[in-house]
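Here's the structure, in structure tokens; my notes come after.
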Amino acid sequence: MNMVKDPVCGMMVDPDTSLTAVYQKESFYFCSDLCKRTFLEDTEKFVGADGSRNTVLEKISRRIAYFSMEIGVDPRLPIYSGGLGVLAGDTLKSCADLKVPIVGITLLYANGYFDQKLDEWGNQQERPVSWDPSQFARLLPEKVIANIENRAVVLHAWQYDIIGVSGFIVPLILLDTHVVDNTTSDRELTAWLYGGDERYRLIQEIILGLGGLRMLRALGYHELERFHMNEGHAAFLSLELLQAKRSQEQTDWDFNGVREQCIFTTHTPVPAGHDQFSYDLVRQVFNEPMPLKVIQMLSGEEQLNMTRLALNMSDYINGVAKKHGEVSQEMFPGYTIDSVTNGVHSVTWTCESYQGLYDHYIPGWKKDPFSLRHAISIQKQDIWNAHVEAKAKLMEEVNKRSHHSFSPDVLTIGFARRATLYKRADLIFSDPNQLQDIARNTGRIQILFAGKAHPKDGGGKDVIRRIFRMAQQLQHEVAIVYLENYDIALAKLLVSGVDLWLNTPHRPLEASGTSGMKATHNGIPNFSVLDGWWIEGHIEGVTGWSIGPATINQTNPEEMAYEDAMDLYQKLRNVIVPMFYQNREGWIDMMRQSIAFNASFFNTHRMVQQYAANAYV
């Protein structure tokens with residue numbers, strides 16, 4: 001029996017026996033005459049001008065609003081820069097799969113982050129992205145105002161629907177200032193992700209937090225109970241909540257009432273990841289009726305610290321791995337900081353060949369990724385065949401993009417992260433002679449790199465140039481390619497097609513890291529520094545290998561880097577390369593164990609369920 005949903009009350013009804021009405025050539029079905037009459041009296045409440053279902057019931061049922069400066073849900077929507085945005089997108093996808101009553105809010109970036117072009121020396125050039133939001137989202141009729149620099153800036157919004165495995169929809173609202181009512185310069189306020197100067201960044205964060213909350217109200221989301229700030233960029237929403245409560249109740253500032261509604265996830269122990277603005281700039285830009293003394297009390301006396309504001313106005317605060325929770329607690333003493341280790345959306349990051357394998361051996365894994373623990377019983381040859389298929393696709397793409405001839409028979413190491421100094425993408429080149437010797441005498445190696453440097457990150461751009469120099473220097477022994485314009489589509493190929501996933505951040509600056517989790521979903525062992533999620537996922541010789549000593553040498557970073565590099569070479573020479581070429585059975589065992597132990601846990605279904613239990617309820 002094919003049941004359908006009554007657009008008014010949400011109950012499931014049998015279309016063969018229910019009451020019916022036709023609107024815009026589409027049939028709607030109702031459980032009762034009351035629902036049918038309600039629908040016909042105000043049809044636009046339930047059906048948008050474009051024919052989309054936009055039920056009052058669905059808006060009333062939304063209890064959680066998820067704010068993030070970037071959200072990566074589709075490679076064709078360039079509204080993300082890297083890990084933070086992709087994590088946000090994976091979170092909302094799992095919410096859709098699990099039917100969590102949430103709505104997402106971010107900005108629509110007309111020029112995206114940027115398209116990366118690399119010349120023959122590895123110099124990065126940034127170009128705007130060309131895309132048409134109307135191809136993916138629908139423009140909503142509502143508009144709201146944010147008072148910025150003593151003028152009214154008009155915001156409208158687009159809606160992109162994230163559809164779960166059972167058809168449940170999580171709306172993603174994209175805020176946009178490209179409105180005819182705005183000045184030419186104001187239309188550009190949502191043009192670039194992480195572009196412009198401090199003023200531009202501050203305005204965007206006002207638009208996200210304050211403008212986002214106003215837009216949700218205008219769209220009819222009146223029953224929201226919890227507001228999740230994914231990083232401090234959205235912390236202005238707490239000020240808007242404070243102001244709204246005071247206006248409605250004519251009382252003193254209800255700090256506790258707002259605090260009980262807010263959740264804050266901090267993602268980075270790197271100081272540059274915590275935005276701060278001078279109060280001179282705040283006075284120029286922020287023109288809402290909020291006394292400066294209140295903002296200073298909540299955000300810091302000297303500067304407006306967005307992280308401090310989020311910490312002070314949140315009832316639940318968490319880091320994104322167990323170690324990161326401890327590091328954050330040390331950074332922000334006086335606050336109670338929990339941890340919810342990140343995950344990835346299993347269906348998104350599992351390649352086609354492995355999806356087919358899991359469908360055969362583990363039916364239902366898409367709804368219950370924890371069942372991937374049963375991968376331990378998959379036939380070894382089937383595991384390897386799925387990997388060979390994924391690797392062939394990656395090799396084809398690499399050889400098409402570059403002037404190299406990468407071989408599917410050679411051990412292929414992958415490293416793809418944001419290009420910045422603390423990620424240490426070039427650690428593997430600390431002693432090029434050792435790398436050459438391993439390739440000559442132990443087994444052939446080829447290495448793939450990818451990652452964008454922030455336009456203002458000179459150190460990150462230098463790392464890319466150094467990798468290009470090493471590629472030239474080692475070209476006769478080790479094939480090295482740096483793939484430009486790293487995005488979701490390229491990431492999917494890399495995390496499924498390499499043989500070994502490498503990660504070498506400077507400890508303890510890796511908050512979580514998710515690229516290695518994506519690799520595990522495709523049976524790829526990790527070779528990583530013990531930081532972030534890998535502290536929890538690492539079982540030496542079972543799910544992969546560690547790099548460097550377990551203890552951190554805080555007093556001498558150069559000595560720690562040397563120790564990490566020497567351990568990396570030692571394990572490549574004596575353990576990893578020999579196993580790949582001489583013990584294929586043992587290698588496939590590690591692939592199965594990576595899936596069973598790591599992919600089954602480090603996924604956003606488990607993560608969202610933890611948020612629901614610890615923060616949303």
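Please read all numbers here as calculations on a predicted model, not as lab measurements.
One distance of note links NE2 of H274 with OG1 of T266; it measures 4.5 Å at 0.5 Å rounding. From E302, atom CD reaches atom CD of Q276 across 10.5 Å, with rounding to the nearest 0.5 Å. Atom CD1 in I71 sits 11.5 Å away from atom NZ in K93 (nearest 0.5 Å).
Of the possible donor and acceptor atoms, none in the side chain of N522 sits under 3.5 Å from a partner among the backbone N and O of I524.
At least one cation-pi condition fails for R466 and F468: the charged atom is not both under 6.0 angstrom from the six-membered ring centre and inside a 45 degree cone around its axis.
The 12-atom threshold is not exceeded at NZ of K323, counting heavy atoms of other residues, nucleotides or ligands nearer than 6.0 Å.
F449 and F415 have tilted rings, their planes meeting at an angle from 30° to 60° on a 0 to 90° scale. Ring geometry, H404 versus F406: the interplanar angle exceeds 60°, so the pair is classed perpendicular (tilted spans 30 to 60°). Classified by interplanar angle (parallel below 30°, tilted 30° to 60°, perpendicular above 60°), the ring pair Y194/Y113 is perpendicular.
Between Y422 and H506, the gap from one ring centroid to the other reaches at least 6.0 Å.
If you check the side chains of N385 and Q381, you find a donor sitting under 3.5 Å from an acceptor. Remark: the T265 side chain and the N318 side chain contain an N/O donor-acceptor pair separated by less than 3.5 Å.
Inter-residue side-chain proximity for M229 and C262 is flagged as met; some heavy-atom pair is nearer than 4.5 Å.
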